[in-house]
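Heads up: the structure comes next, in structure tokens.
Note that the numbering runs from 1 along the sequence shown for the chain. Any value given below was found using the heavy atoms of this structure, including those in side chains, with hydrogens, waters and symmetry copies removed.
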Amino acid sequence: MIPRETTETLFLFLVSGDITQKGYEKKRAKLLAPYVPQTQGVDPALQKESRTQTPAPAAAPASASSSSSSKFHRARSGGARDERYRSDIHTEAVQAALAKHKEQKMALPMPTKRRSTFVQSPADACTPPDTSSASEDEGSLRRQAALSAALHQSLQNAESWINRSIQGSSTSSSASSTLSHGEGKGTSGSLADVFANTRIATTSSSSARPATKSFPPGVPVSSRVSTKIQQLLNTLKRPKRPPLKEFFVDDFEEIVEVPQPDPNQPKPEGRQMTPVKGEPLGVVCNWPPALEAALQRWGTTQAKCPCLTALDVTGKPVYTLTYGKLWSRSLKLAYTLLNKLGTKNEPVLKPGDRVALVYPNNDPVMFMVAFYGCLLAEVIPVPIEVPLTRKDAGGQQIGFLLGSCGIALALTTEVCLKGLPKTQNGEIVQFKGWPRLKWVVTDSKYLSKSPKDWQPNISAAGTEPAYIEYKTSKEGSVMGVTVSRIAMLSHCQALSQACNYSEGETIVNVLDFKKDAGLWHGILTNVMNKLHTISVPYSVMKTCPLSWVQRVHTHKAKVALVKCRDLHWAMMAHRDQRDVSLSSLRMLIVTDGANPWSVSSCDAFLSLFQSHGLKPEAICPCATSPEAMTIAIRRPGVPGAPLPGRAILSMNGLSFGVIRVNTEDKNSALTVQDVGHVMPGGMMCIVKPDGPPQLCKTDEIGEICVSSRAGGMMYYGLAGLTKNTFEVIPVNSAGSPVGDVPFVRSGLLGFVGPGSLVFVVGKMDGLLTVSGRRHNADDIVATGLAVESIKTVYRGRADGMTVTFSLHLVLYNVGICLVAIDSIHQVGVYCLALVPANTLPKTPLGGIHISQTKQHFLEGSLHPCNILMCPHTCVTNLPKPRQKQPGVGPASVMVGNLVAGKRIAQASGRDLGQLEDNDLVKKHQFLTEVLQWRAQATPDHPLFLLLNAKGTTVCTATCLQLHKKAERIASVLCDKGHLNAGDNVVLLYPPGIELITAFYGCLYAGCIPVTVRPPHAQSLTATLPTVRMIVEVSKAACILTTQTLMRLLKSREAAAAVDVKTWPTIIDTDDLPRKRLSQIYKPPTSEMLAYLDFSVSTTGMLTGVKMSHAAVSGLCRAIKLQCELYSSRQIAICLDPYCGLGFVLWCLCSVYSGHQSILIPPMELESNLFLWLSTVSQYKIRDTFCSYSVMELCTKGLGNQSRGINLSCVRTCVVVAEERPRVSLTHSFSKLFKDIGLSSRAVSTTFGSRVNVAICLQGTSGPDPTTVYVDLKSLRHDRVRLVERGAPQSLLLSESGKILPGVKVVIVNPETKGPLGDSHLGEIWVNSPHTASGYYTIYDNETLQADHFNTRLSFGDAAQTLWARTGYLGFVRRTELTAASGGTRHDALYVVGALDETLELRGLRYHPIDIETSVSRTHRSILCGCEQEALDLVPLVTNVVLEEHYLIVGVVVVVDPGVIPINSRGEKQRMHLRDSFLADQLDPIYVAYNM
């Protein structure tokens, strides 16, 4: 039997933390040597090891030892320090001991995989332990834990602390009591070697016997080297250790619900497609070698043939450009560009340079001249839109394109140049994002005629760039597609062959002639085939939608280039003119035939105009893209031949990328028409839209890719995108390339149908992927547009009244839209915004600018007139609900923290007993005695000084003055009030010295003062009921106040709010008799009640707490020691003096410490913002106290105005609050006033609560307040994980001041009441001499009293201590002091938020301030906007809360600034706000109910 003294000696060495493992081994071997028998035939070194483990529980069978011994030996990762103090032994020992406690009659084998031997939690969430804040002290704890485990494993009677550790829990250590670290490097040590060969089991017997020694088979007993080698081999064979079981999953990918694939989804069944080839590109003998050669030919041989006709604003021809004019003017322009813009030695332009063409849409003639002039000069034209303002939709992206192309020259017309926005000096403004340009006018009168001997260089078309066409992506970025000269020529040849153009034909072009099909047909192929183009500008179409039909009829045009929009407009204006004939048309090219609504447009137009001669075979849809140019076009049919068929596809199949014919529900079918065959000379294939370009199957939807000479060559300046788009090599299902011919991605989705007909079903830019299904945005828009329009009702506020009125909007029934889209596409609409007509950003040709509209929506500048959010039906990947582990008690949590190397989260301030206080104040028990002593010792010493708004002193109080006036007030209370000792007296005073004298007068008379904020004369209805409630709850026998307030309490206005006849006795103290008090009351004990502190908490609850005389003295002493307050000091206080720490600083501390307090009522700052800071500067105050509302007022109101203020004297500027420190506000304040001397380390905060008004307060000589960044995602799981600054989902928290002397805090689980580790978030419990005695209530709720003020921990060493619950969540961290303090460490308390305010949703805990912070960043108008912007906030608020917090907002209420109730400390009363909304008392600007 080992003596108890020996084990206690070992335990003292263990807990001291100053002994290494090796030293501990030597000490233990020496102490236990007399009690360990010698083993015969064993190597001495091994014998030494055996001594460390001889007293062990009953041995298991020997065969189990050798098989499992290797699994017991594991090294902990984490560096040399962790390897030195290994906790593997502790892990097994704790598990074995807890198993023994739980199963006294069952012998459990030792676990073999570092898992608990007990029932594991069903939760499968695994997280590695938090090591982000590991410290040296934590390392010592790990060391102590490891050695302690070894001790308890070897010594039977040293289990007492383990037994204590499990008293508070009915279950044993679970997930959190295992250790999970990766495999460490090989370690050596006698403890580990012994443990690797030890078996531990438990029996019902309380005695222990020596374990049988065993070694791995085949290893000689006397060979230590062989044993080591065998252990190393076993270590390498061990499986990786499972991670530590935690209470939550800390991995985003595992948190988010992953939608499971639909088992019934259709899958492609066809064979792999083969590329489809178009007809061969015919060789025509008269085709020119280059497009410039064609212009030269027609310009010299057919000079009078018309080339282009322009229309005026009325739709009448205004000018016809002949081929001769086009050739001569293009020649002049080319010569001017190359020879007249600069000097001969330094030309402005040279061949290959890029030039911007800036021409309006109603001037195709000048554009055509400029375009061909650039081609003849061998410079590269870049056509762009005319900028109208500095903030045009997409203008900045156009500027980026110009800059990336290196453009310094812009060509335009004289009229257009005059219309550009200019500065006051007459210069063209610098457009946002644009490079600086030189503008050149290309009107004929400004061009120089070329010499007869000058001829342009017209060579055969090659791969050199010809022009750059801009393209806008879905995100709004602009890219330039470069087209080579050979591609331009080949494309014209392919179009000529496909459309069967012949010389002299007339075509009508309604499209934009600067890009896409309008450029290809109306400008390029036109010259190739000597066509005559009638260009109908967009401005004419707006005034006369039938103008293009009239041009076809007048000019007997053979071909017309239109969009579905033009077909609609013509049908709407058909009644205006019926005598038109379209019989001359052989091709009506619909260039957006890929849209889902193109079929109905073509059918409706044909049915209406077939009687006007339109032939059914003339309608020719086509598909185009900037990269692949014309992909396919339907050839003109033969009269009488059957029309091509149409595909009726299942919308459900399309969403899975599979082609299925719809035969059941016509509402869920998509009818698409073909866009003809592949272009001549081209080859087409369909590849999967995602991943590598794998060829699709024949019944599969994919992206269309084209291989042809007639296509773009690259994105200018974007090599990476170019390779992925223009150099695609398709692969088969095995990943092998299919040929070596590069293809170009078109950005269109479709398939190749029967007869090699091409069908397009959507665009890549319009692809929406929702829950694994793909939807086309155009299809959803088409469904919405098909809903019948009705009137919509808008509920808003006008002139302060809620009204309901109808807006006749040309929009559609919201409900029917949502139902239609949901039933047809099986997808929900997240947001439906109704905007006034013609307010969306437009493209130059009148279309909606999609990317700009989206940007306005996300920026909150869309200004809708009504909005409907439906996030509940659209968001399907919210985080999984948090599953708390059942049956995990506080003991398991505590032991788990110890095993994981976590400190128990507790901290304390300096010990009051060890602090010297030489002041005579410590001889006095009561504050009244201190005041009497000061009145005798230093009667003329000033204690208080009150300032008004002008900064002048209005009242002072010395020690003697305060004492004498308090005596008079006490005399009045005894004479007039007839009060007895212990009666409650309400003090109703404005902030000032009168309140202080009344307080001490009550103490002199033995009464209990209750300070109450006086009612506001302008808002009696709102403020007087609170006063009345406190008077009733406190059972006040008397009210002390001023004459002005007494009249107000009895006024007629007050009678309308409360019953004034029920007021207790009201005594005004303005005119006091000079009667001396016969005897000053002295309480019999210091535990007697001193005053009642009533206040409204942040949760909106009115509570009163009892403060004893002992608590008052202890609080004043702690503040004095922390802030080093003495009689020679001055402090400035700008706080409300009615409750909490503000009252203590205003009324109590000066009397106790003797320092002078300069009192600044916060209400005076409303008329003079400089009052507080100028006072601090004028009196050279070192320590000042304020509230957040005062600091915010100065930060926002003063700006950089200093007025000679100097704050270099300030040592501490303390913000008094009962909330999480507002780090952004304090940082802004420090930064704003840094230039006038304010030190960055001066600003700090305090923390207090109802149960203890001062827990933390920054001292004068303490370290700087520390800040940490914590992971917001972990915080929702009540875990604290430190991250680096700038990490995603990081939250900046600041320390809430230093813990006051005599104060102890511990972090506790609010549900189990067990202590937590420093990596957990829990409720802050406090124990200190100045904690309040309890709640003062009418009903005297003892249950609430005991739970909040006299509660105990359910487990742990501090279980016998009485704690008070603050109701606030926080955590404790060890952090470094300043460098001057020698680098020692201290415990910092971080407050996160009030427990009652937190929201528990899906098992996660959310703090309102985090959500409010996210919302306040969304829009500039959140705090200072106008009613017109109210609806813009609804989607922004919903979006940001969803993205940052994974929460769906049910109701968004927009109210006027100032509606949110705020208490005297500047803290939001969120509960009051909620109750006011539910009671319909807010008068909101707008209420959005997200469906």
Side-chain angles (χ1 to χ4, degrees), residues 793-805 831 833-834 859-869 871 1016 1018-1019 1021-1023 1025-1026 1096-1101 1166 1188-1189 1192-1193 1196-1197 1219 1222 1224-1225 1394 1397 1399 1406-1442 1444-1445 1447-1491:
V793 177
Y794 169 81
R795 184 179 184 272
R797 192 180 71 175
D799 299 329
M801 299 176 61
T802 302
V803 296
T804 303
F805 55 98
C831 177
L834 309 182
E859 290 177 351
S861 56
L862 194 60
H863 306 315
C865 55
N866 208 338
I867 199 163
L868 180 64
M869 302 288 297
H1016 200 283
Q1018 276 72 38
S1019 57
T1021 308
T1023 56
T1026 304
V1096 179
S1097 66
T1098 56
T1099 58
M1101 182 184 298
E1166 297 178 2
Y1188 277 125
S1189 55
E1192 189 172 15
L1193 201 63
K1196 293 182 177 179
E1219 60 175 316
R1222 303 184 195 176
S1224 59
L1225 178 58
E1397 288 187 345
L1399 312 172
Y1406 295 87
H1407 298 270
I1409 187 173
D1410 296 327
I1411 300 176
E1412 292 166 1
T1413 302
S1414 299
V1415 169
S1416 63
R1417 295 196 308 262
T1418 57
H1419 197 273
R1420 64 182 183 280
S1421 300
I1422 287 290
L1423 301 176
C1424 56
C1426 56
E1427 290 190 14
Q1428 287 72 20
E1429 297 176 321
L1431 284 175
D1432 287 318
L1433 306 180
V1434 175
L1436 299 183
V1437 170
T1438 307
N1439 292 348
V1440 73
V1441 175
L1442 180 61
E1444 296 187 9
H1445 303 278
L1447 293 176
I1448 296 179
V1449 177
V1451 183
V1452 180
V1453 185
V1454 185
V1455 297
D1456 292 310
V1459 171
I1460 299 177
I1462 295 176
N1463 63 12
S1464 60
R1465 296 180 297 275
E1467 299 162 346
K1468 298 174 185 173
Q1469 306 289 284
R1470 299 181 179 91
M1471 299 297 184
H1472 278 326
L1473 184 65
R1474 181 198 62 186
D1475 296 340
S1476 299
F1477 170 69
L1478 296 177
D1480 199 17
Q1481 299 173 350
L1482 281 184
D1483 187 26
I1485 297 174
Y1486 188 81
V1487 180
Y1489 296 92
N1490 294 342
M1491 295 177 61

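Of the inter-residue distances, the one linking Ile1411 atom CD1 with Ile1409 atom CD1 reads 11.0 Å to the nearest 0.5 angstrom. To the nearest 0.5 Å, atoms OG1 (Thr1438) and CG (Leu1447) are separated by 11.5 Å. To the nearest 0.5 Å, atoms CD (Glu1444) and OG1 (Thr1413) are separated by 9.5 Å. To the nearest 0.5 Å, the span separating CD on Glu1429 from CD1 on Ile1485 amounts to 10.5 Å.
Annotation for Leu1431 and Pro864: closest pair CD1-O, 3.3 Å, computed over non-hydrogen atoms. Taking every heavy atom of both residues into account, Asn1490 and Pro871 meet most closely at CB-CD, 3.7 Å. Of all heavy-atom pairs between His1016 and Thr1023, the closest is N-OG1, 3.1 Å. In this structure, Leu1225 and Glu1192 approach most closely via the heavy-atom pair CD1-CA, 3.9 Å. Closest non-hydrogen pair, Tyr1486 versus Ile867, comes out as OH-O, 3.8 Å. Summarising the geometry of Val1455 relative to Leu1482, their closest heavy-atom pair is CG1-CD1, 4.2 Å, with the distance given to 0.1 Å.
Taking the side-chain hydrogen bond (donor to acceptor under 3.5 Å, both in side chains) definition, one finds that Gln1481 meets it with nothing, sequence neighbours left out.
Under the 3.5 Å distance criterion, the side-chain polar atoms of Thr1418 are left unmatched by any main-chain donor or acceptor of Ser1414.
Just one of Arg1470, Arg1417, His1407 meets the side chain to side chain donor-acceptor pair (under 3.5 Å) condition when paired with Glu1412; it is Arg1470.
Counting heavy atoms from C-beta outward, Leu862 and Asp1432 have side chains that approach closer than 4.5 Å.
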